[in-house]
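Computed over heavy atoms, backbone and side chain alike; hydrogens, waters and symmetry mates excluded. Every chain is numbered from 1, with letters handed out A, B, ... down the list of sequences.
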Number of protein chains: 2
Amino acid sequence: MPRAGTRPTSRDVARAAGVSQAAVSLVMGDKWRGRVSEATAERVRDAARTLGYRPNLVARNLRLGRTRTVLLVVPALTTEFFAGVYTGAARVASQHGFGVVLYPSPEGIGPARDPFASAEAALDGVIASSMAAEALTAIRGDQLPLVMLDSDPGASVGAATVNLDIADGIRQVTDHLLGLGHRRFLHLAADVASWTFEVRARELEERLRAVPGTSLRTARAPISIRGAEAAAQAALSVSPDRATAVVCDDDQLAAGVYKAARRLGLRVPDELSVTGIDDLALATAIDPELTTVRLDAELFGERGMGALLAVLEGRDPSADDIPVELIVRGSTGRA
Amino acid sequence: MPRAGTRPTSRDVARAAGVSQAAVSLVMGDKWRGRVSEATAERVRDAARTLGYRPNLVARNLRLGRTRTVLLVVPALTTEFFAGVYTGAARVASQHGFGVVLYPSPEGIGPARDPFASAEAALDGVIASSMAAEALTAIRGDQLPLVMLDSDPGASVGAATVNLDIADGIRQVTDHLLGLGHRRFLHLAADVASWTFEVRARELEERLRAVPGTSLRTARAPISIRGAEAAAQAALSVSPDRATAVVCDDDQLAAGVYKAARRLGLRVPDELSVTGIDDLALATAIDPELTTVRLDAELFGERGMGALLAVLEGRDPSADDIPVELIVRGSTGRA
DNA sequence: CACTGCAAGTTTTACGTATAACTACCGGGT
DNA sequence: ACCCGGTAGTTATACGTAAAACTTGCAGTG
C-alpha cells in the first residue's frame with residue numbers, strides 16, 4: 001500500500017499485482033511479449049489503473065540517460081512568428097515521441113545560461129534562433145546536439161542550420177519595387193546584430209548596386225512601432241531626393257513607417273511605397289494593407305525539429321533553404 | 001578519468017580531487033562549512049572546473065523529489081500578452097531558484113495531456129490560463145499544486161486563482177462611452193468559452209441595464225482580425241438603430257471593426273467609436289489609435305508565480321484582483 | 001533418461017546525486 | 001589515563017526505473 005499523499009511507484013503496483021517490480025516495468029514499457037503471460041500482464045495493468053500509477057519520468061530519464069525533450073530558444077514572443085515556429089516544431093516532435101520546451105530569450109542566451117540552470121542535462125538537444133556566438137560555444141561545450149535557425153552557415157561551426165531564403169525574399173521585393181519605377185530606396189533596418197538581418201542589408205545593397213540610377217539610404221531602429229516611427233520620420237524628412245520606397249526588415253517596422261508617413265503628410269502608397277517581411281496579422285490590420293514577404297513559420301519549425309531529429313539519429317540533416325513568397329497588397333504603388 | 005564523450009560525474013571529480021563523492025556533493029551544494037576544510041573544498045572546486053563538471057539535474061531531481069520547475073500553460077502566443085505573463089512569471093521564479101517551462105496550448109489541454117507526456121512528474125507546479133475543466137481535474141488528480149489565471153473563482157475548486165479586474169475595466173469603458181453620449185452599443189464578443197470573456201459580457205449587460213434609454217446588441221467572432229471584420233460588418237449593416245459604439249473583447253477584434261467600418265464607409269471615431277482590451281502594440285499601429293483597457297501582463301505573471309510559490313511553501317496565496325487602466329486614444333468620440 | 005529450449009518470471013544492478021550515519025584523529029580539560 | 005567535542009572527512013543508502021543476468025518449471029527430443 002503506497003503511503004498516502006505520495007504518488008504510487010512501480011513497486012506499489014508490483015505489490016498490488018503480486019509480481020516483481022521488474023515485471024511491472026516490462027509490462028508498462030510494452031516490452032513484455034515472451035516475458036510475461038497475458039494474464040499476468042492484465043493483472044499488472046489493472047493494478048496500475050486502480051492505483052493511478054504513471055511512471056516517474058525523472059527516474060526513467062536518469063535510467064535511460066535521455067529525456068526525449070528538446071529546448072527551443074527564441075529571441076522574442078512579441079509577434080506570432082515564433083509561436084508558429086514552436087507549433088511546427090512541436091508537431092514534428094510529438095510524432096516522434098519528443099516534447100518541446102520553449103525558452104523565450106529577450107537577449108539571446110546570456111553568460112548566465114538561464115534556461116540550462118533549470119533544464120540543463122534534462123535535454124536531448126537544442127534548437128536555437130538568433131543566438132549569440134558565446135552561447136553557442138557554451139552549448140557545444142556540453143556536446144548537446146544543436147540546430148541553429150536562420151544563422152550564418154559559415155559561423156555555426158559544426159552545428160546544423162536551417163534557414164529561410166530571406167535573400168530571395170529581398171530579391172522579390174526589390175524587383176517588385178523596381179518594376180513599379182522606384183529608384184530612391186530607404187532601408188529601415190532592425191537595430192539587432194543578427195545574421196538574418198545582415199542578409200537583408202547585404203542582399204538589398206547588392207541588388208541595387210546592379211541597377212544604375214538607384215540610390216539606397218539606411219536607417220536603423222529597434223524592432224518596435226514607436227522606434228520605427230521616429231527613425232523613419234527622421235530619414236524621410238530630408239527634402240530633396242527623399243526616398244519613394246521604404247524596405248523594412250519586418251512588418252512592425254513597416255507599421256511605424258505608416259505612422260511617420262501620416263505625421264509627415266505622405267500618403268501610402270501614392271507618395272510612399274512601403275514593404276515589410278513576415279506577413280503578421282498586423283500586415284492586414286493597417287491601412288492600406290501591407291505588401292510583405294510571407295515567411296512560413298510553421299514549416300520553419302518543422303524543418304528545424306526535423307534537422308535535430310536527424311542529428312540525434314546520426315543521420316545527415318538536410319539543409320536546403322525554405323522558400324518565401326512576396327504578397328503584394330496596397331502599400332506599394334507606382335513611383 | 002571519465003570515459004571520453006561522457007559528461008563527468010561527481011565521482012569523476014572526487015577521483016580527480018582525491019576525495020569521496022560525498023565530499024564533492026557537499027562542496028558543490030555549498031553545504032560544506034564545518035564538514036570539509038577550505039583547502040579541500042578548493043581542491044574540489046579546481047577539479048570540477050578543469051573537468052567541466054556540472055551536476056546532473058535529472059539525478060538531483062530524483063534524489064530530492066522536486067524539480068524547481070513549473071509549467072505555465074497559455075492558450076495562445078499570437079499576441080504579446082502571454083509573452084508578458086511569461087516574462088513576469090519567469091522573473092519571480094528565477095528570484096526563488098525556479099524555472100518556468102512554457103506550454104502554449106491552442107485548444108487548452110486536451111485529454112491527451114500533451115505537456116505532461118514529456119514533463120509530467122518533472123514539475124513542481126502548474127500555472128494555467130483559461131484551461132478546460134477536464135484538464136483541471138486531470139492535473140488535480142496528480143496532486144500537483146495549481147494556480148489558475150483569470151478563471152472562475154467559484155469553479156476552480158480548491159485551486160488558487162489570480163485574476164485581472166476585467167469587470168472594472170468594462171465599467172471604465174462603459175462610463176467613458178456613456179459620458180460621450182453613446183446609447184446604442186454593440187458588444188463584439190470573442191467566440192471562446194472562457195470565464196474571462198464571460199465576465200466582459202456580464203458586466204457590460206449589467207452596467208447598461210442600469211442606464212435607461214440604452215440598447216445593447218451582441219455579435220460573436222473568433223479572435224482574429226478577419227473574423228471580427230466579417231462579424232462586425234454584418235452587425236453594423238442594420239440600417240436603423242445602428243450602434244454608435246462598439247465594445248470589443250480584445251484589441252484584435254477592434255482592429256477587425258476598423259476594417260469593417262472602412263468597408264461600410266463609417267469613419268472612426270466620428271461615426272463610430274471603438275474600444276478594445278489588452279493594449280497590444282497593435283492598438284497604436286492602427287489609425288486612429290485605439291482606446292483600450294491596458295492589462296499589465298507582466299504583473300499578472302508575477303502574481304501568478306507568487307501565488308504558486310505561496311502554495312508550494314504552504315502559505316496562503318493572496319487573491320486580490322489586479323487593477324486595470326483605461327487608455328483613452330483617438331478611436332472614441334462624441335456620439 | 002538426460003538434455004535442450006523456452007516461457008515466465010525474479011534478482012540484481014546501474015543511472016548520479018544528497019544526506020544520514022558513521023569513523024578517525026587531535027587537542028584540551030579533569 | 002580518560003573522556004569529550006569538534007573537525008574532516010568517509011561509507012552507505014535511497015530516490016524510481018530499465019534491463020541484463022539469473023532461476024525455475026515444464027514440454028519435447030534423441
Side-chain angles (χ1 to χ4, degrees), chain A residues 2-3 5-44 47-48 51-68 118 120-124 142, chain B residues 2-3 5-45 47-48 51-68 97 118 120-124 142:
Chain A
R3 289 163 321 216
T6 311
R7 275 185 44 160
T9 73
S10 59
R11 220 167 305 260
D12 295 322
V13 175
R15 212 129 38 201
V19 298
S20 72
Q21 179 268 330
V24 175
S25 180
L26 288 171
V27 172
M28 301 308 288
D30 223 51
K31 194 48 209 158
W32 56 279
R33 262 153 295 249
R35 312 266 288 120
V36 175
S37 73
E38 177 61 54
T40 307
E42 191 51 37
R43 231 167 57 245
V44 169
L51 288 182
Y53 169 75
R54 266 159 319 110
N56 179 326
L57 294 201
V58 175
R60 168 179 292 170
N61 289 340
L62 176 59
R63 175 66 233 248
L64 297 179
R66 63 180 162 73
T67 59
R68 294 199 163 278
S118 84
E120 158 199 18
L123 298 173
D124 281 358
D142 286 353
Chain B
R3 290 163 319 220
T6 310
R7 276 184 43 159
T9 74
S10 59
R11 219 167 307 259
D12 294 322
V13 175
R15 211 130 37 202
V19 298
S20 71
Q21 179 267 328
V24 175
S25 181
L26 288 172
V27 172
M28 300 308 289
D30 221 52
K31 193 52 208 154
W32 56 278
R33 261 153 293 251
R35 312 265 288 117
V36 175
S37 74
E38 177 61 54
T40 307
E42 192 51 37
R43 232 169 54 246
V44 170
R45 280 190 290 258
L51 287 181
Y53 169 76
R54 267 159 318 111
N56 179 327
L57 294 202
V58 175
R60 167 179 293 171
N61 289 340
L62 176 60
R63 174 68 232 248
L64 296 179
R66 62 181 164 72
T67 59
R68 294 200 163 279
S118 83
E120 156 198 19
L123 298 173
D124 281 359
D142 285 353

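- Between B:Arg43 and B:Leu64, the residue whose closest nucleotide on DNA chain D is further toward the 5' end is B:Arg43.
- Among the protein residues, A:Val24 comes within range of no part of the nucleic acid, since none of its heavy atoms lies under 4.0 Å from any strand.
- In terms of heavy atoms, A:Ala47 sits closest to A:Ala16 at CB-CB, 4.0 Å.
- The CD atom of A:Gln21 sits 7 Å away from the C1' atom of D:dG16 (whole-angstrom rounding).
- If you take CG of A:Asn61 and P of C:dA14, they are 21 Å apart, rounded to a whole angstrom.
- Atom-to-atom, CG of B:Leu26 to P of C:dA20 comes out at 10 Å; the value is rounded to the nearest Å.
- Position along DNA chain D of the nearest nucleotide to B:Leu62 versus B:Ala22 favours B:Ala22 as the more 5'-ward residue.
- Here A:Ser10 does not reach the OP1 or OP2 of D:dG16: none of its side-chain N or O atoms lies under 4.0 Å away.
- Put simply, CZ on A:Arg66 is 8 Å from P on D:dA19, counting in whole angstrom units.
- Whole-Å rounding puts the B:Arg11 CZ to C:dA14 C1' distance at 10 Å.
- Across C:dG16, C:dG9, D:dA8, the shortest atom-to-atom separation from the side chain of B:Ser37 is found for D:dA8.
- At whole-Å resolution of the value, CZ in B:Arg35 and P in D:dT11 are 14 Å apart.
- In the set C:dT19, C:dT11, D:dT17, D:dT17 carries the atom at the smallest distance from any side-chain atom of A:Ser25.
- Counting to the nearest Å, the C1' atom of C:dA14 and the CG atom of B:Asn56 are 13 Å from each other.
- Checking the phosphate oxygens (OP1, OP2) of D:dG16, no side-chain nitrogen or oxygen of A:Thr9 falls inside 4.0 Å.
- Note: B:Ser10 OG to B:Leu26 CG = 11.0 Å, rounded to the nearest 0.5 Å.
- Separating the CG atom in A:Leu62 from the CZ atom in A:Arg60 is a distance of 12.5 Å, to the nearest 0.5 Å.
- Residue B:Gln21 comes nearest to B:Arg11 through the heavy atom pair CG-N, 4.3 Å, listed as atom of the first residue, atom of the second, then distance.
- B:Arg68 approaches B:Asp124 most closely through the heavy-atom pair N-OD2, 2.8 Å.
- Separating the CG atom of A:Leu57 from the P atom of D:dG16 is a distance of 13 Å, rounded to the nearest angstrom.
- Regarding contacts with the backbone of C:dG9, a side-chain N or O of A:Thr40 is found under 4.0 angstrom from either OP1 or OP2.
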